[in-house]
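Counting from 1, the numbers follow the sequence of the chain as shown. Note that the structure is a prediction, hence the values are computed from the model and not measured. First listed ligand is number 1; within each ligand, the first listed atom is number 1.
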Amino acid sequence: MVSNNYLIIGGSSGIGYEIAQLLLKENHKVWITGNTSESTPLGAIRLQLDIQNYNPQVFDSLPDTLHGIAYCPGTIQLKPFRALKEEDFKKDMEINVWGAVKTLQDNLKRLKQATSASVVLFSTVAVQTGMSFHSSVAASKGAIEGLTRSLAAELAPSIRVNAVAPSLTDTALASALLSTPEKREASAKRHPLQRVASAEEIAQVAHFLLSEKSNWVTGQIWKADGGMGNLK
Ligand SMILES: NC(=O)c1ccc[n+]([C@@H]2O[C@H](COP(=O)([O-])OP(=O)(O)OC[C@H]3O[C@@H](n4cnc5c(N)ncnc54)[C@H](OP(=O)(O)O)[C@@H]3O)[C@@H](O)[C@H]2O)c1
């Protein structure tokens, strides 16, 4: 198998970490960014990146060609609408959307160098399915869905752009929602498949979208939600 170059923004934990692992198993070269965690999948090269103190020089050491980028940083600020402050909305927009925009703009030339490249962004089930207390995160992830379709049109045919829309997934980001057996059971029951996802299960979908196996797929929002979004 050919060895490609991949950049995983937010590859130091959760879904991004698992995506990096899957790519490394196939002998691809993988660069990850981490922010607060030093954790790095074995064989990956770690770059330090805080989206809220963004510095494009972090990418200076990357090769001229990238075959794929996954943008994995995210937020879960679940509050009643009346309690959400301007800073909450700004933080969600900054981490979920603006970080994706900046990292893609700063690496576009590298993606264009590949004959065929793939970008994977992350939305949430809470965009297509209305959920209480999700207004801020849903607004920012809704922007990601628009960005996905628009970029897929603009960057075709050389770069494919898709997003994964997970429901609750067992990662550090969701730890407060899964911190007791009662919470875990209640979350599981909301899914037709009667459990929450593992980080690896969501990473498998992202990995497929990054790979050549999905060469005919672009501009899609790929639901990975145990049926929650469209089954009763
Ligand atoms: N988990 C869920 O239930 C769930 C549900 C729906 C959608 N999603 C989406 O799926 C994606 C992956 O989520 P996850 O659960 O894997 O999250 P996670 O475990 O918290 O991992 C997020 C990754 O992004 C990095 N990151 C977070 N904030 C950052 C910042 N401000 N600057 C730079 N890097 C930052 C983290 O780095 P450090 O750890 O080094 O700080 C980590 O590597 C997110 O976009 C999320 O919105 C998740």
Side-chain angles (χ1 to χ4, degrees), residues 7-22 30-41 44 46-56 58-59 69-78 87 90-103 106 119-129 131 133-134 136-145 147-148 162-179 183-184 187-188 190-191 195-207 209 221-226 228-229:
L7 172 63
I8 312 298
I9 307 288
S12 58
S13 85
I15 297 165
Y17 186 99
E18 297 297 331
I19 298 171
Q21 298 256 63
L22 291 171
V30 180
W31 286 257
I32 64 129
T33 73
N35 182 24
T36 57
S37 160
E38 289 291 330
S39 159
T40 308
R46 182 186 186 279
L47 309 170
Q48 171 63 40
L49 176 68
D50 176 356
I51 291 298
Q52 292 182 291
N53 287 295
Y54 185 78
N55 175 6
V58 68
F59 300 124
I69 297 181
Y71 182 85
C72 306
T75 54
I76 302 187
Q77 302 192 81
L78 306 187
E87 305 88 83
K90 280 186 175 161
K91 182 180 173 196
D92 280 352
M93 287 302 288
E94 198 167 4
I95 295 175
N96 290 314
V97 187
W98 193 230
V101 168
K102 284 189 287 195
T103 51
D106 288 332
V119 169
V120 174
L121 303 174
F122 277 87
S123 180
T124 163
V125 66
V127 172
Q128 299 293 335
T129 303
M131 294 182 180
F133 310 134
H134 283 67
S136 180
V137 68
S140 62
K141 293 295 196 179
I144 280 292
E145 297 199 2
L147 184 71
T148 300
N162 293 287
V164 182
S167 58
L168 199 56
T169 306
D170 198 352
T171 68
L173 185 67
S175 58
L177 302 173
L178 295 169
S179 56
K183 283 184 185 178
R184 194 171 277 271
S187 293
R190 283 197 285 275
H191 293 78
R195 60 182 179 81
V196 299
S198 70
E200 202 212 328
E201 285 171 317
I202 305 300
Q204 290 283 6
V205 178
H207 175 258
L209 292 171
I221 312 301
W222 200 288
K223 289 178 181 170
D225 61 7
M228 182 190 248

Protein heavy atom at shortest distance from [atom]:
atom: atom 46 (C) of ligand 1; answer: L173 CD2, 3.6 Å
atom: atom 5 (C) of ligand 1; answer: S167 O, 3.4 Å
atom: atom 41 (O) of ligand 1; answer: T36 OG1, 2.5 Å
atom: atom 32 (N) of ligand 1; answer: I51 N, 2.8 Å
atom: atom 25 (C) of ligand 1; answer: G10 CA, 3.7 Å
atom: atom 21 (O) of ligand 1; answer: S13 OG, 3.1 Å

Considering the heavy atoms of [X], write down every atom of ligand 1 situated less than 4.0 Å from one of them.
X: F122; answer: 10 (O), 11 (C), 45 (O)
X: I95; answer: 31 (N)
X: G74; answer: 44 (C), 45 (O), 46 (C), 47 (O)
X: G34; answer: 40 (O)
X: K141; answer: 44 (C), 45 (O), 46 (C), 47 (O)

Within the structure, is a non-hydrogen atom of [X] found at a distance of less than 4.0 Å from ligand 1?
X: A126; answer: no
X: G99; answer: no
X: C72; answer: yes

Out of [options], who gets a non-hydrogen atom closest to [atom]?
atom: atom 38 (P) of ligand 1; options: S12, G11, S140, A100; result: S12
atom: atom 29 (C) of ligand 1; options: P73, A163, A197; result: P73
atom: atom 3 (O) of ligand 1; options: I32, T169, T171; result: T169

Legend entry - Member of I8, I202, V164 meeting the side-chain contact (heavy atoms from CB on, under 4.5 Å) criterion with I15: I202

Inset, instruction - Consider only side-chain N and O atoms of S140 and D92, and report whether a donor and an acceptor are under 3.5 Å apart. - result: no

Inset, instruction - Give the minimum heavy-atom separation between K102 and I51, together with the two atoms involved. - result: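 Minimum heavy-atom contact is NZ-O, 4.0 Å.
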
Inset, instruction - Please name the pair of heavy atoms, one in A206 and one in I19, separated by the smallest distance, quoted to 0.1 Å. - result: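 Looks like CB-CD1, 3.6 Å.
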
With no hydrogens and no angle check, is any side-chain donor or acceptor of [X] less than 3.5 Å from a backbone partner on [Y]?
X: T129; Y: A126; answer: no
X: T75; Y: Q77; answer: no
X: T169; Y: S167; answer: yes

Inset, instruction - Have a look at ligand 1 and work out which part of L49, if any, has a heavy atom under 4.0 Å from it: side chain, backbone, both or neither. - result: backbone

Inset, instruction - Answer with side chain, backbone, both or neither: which part of S123 has a heavy atom less than 4.0 angstrom from an atom of ligand 1? - result: backbone

Legend entry - Heavy atoms of other groups near K183 NZ, more than 12 under 6.0 Å: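 It does: K183 NZ has more than 12 such atoms within range.
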
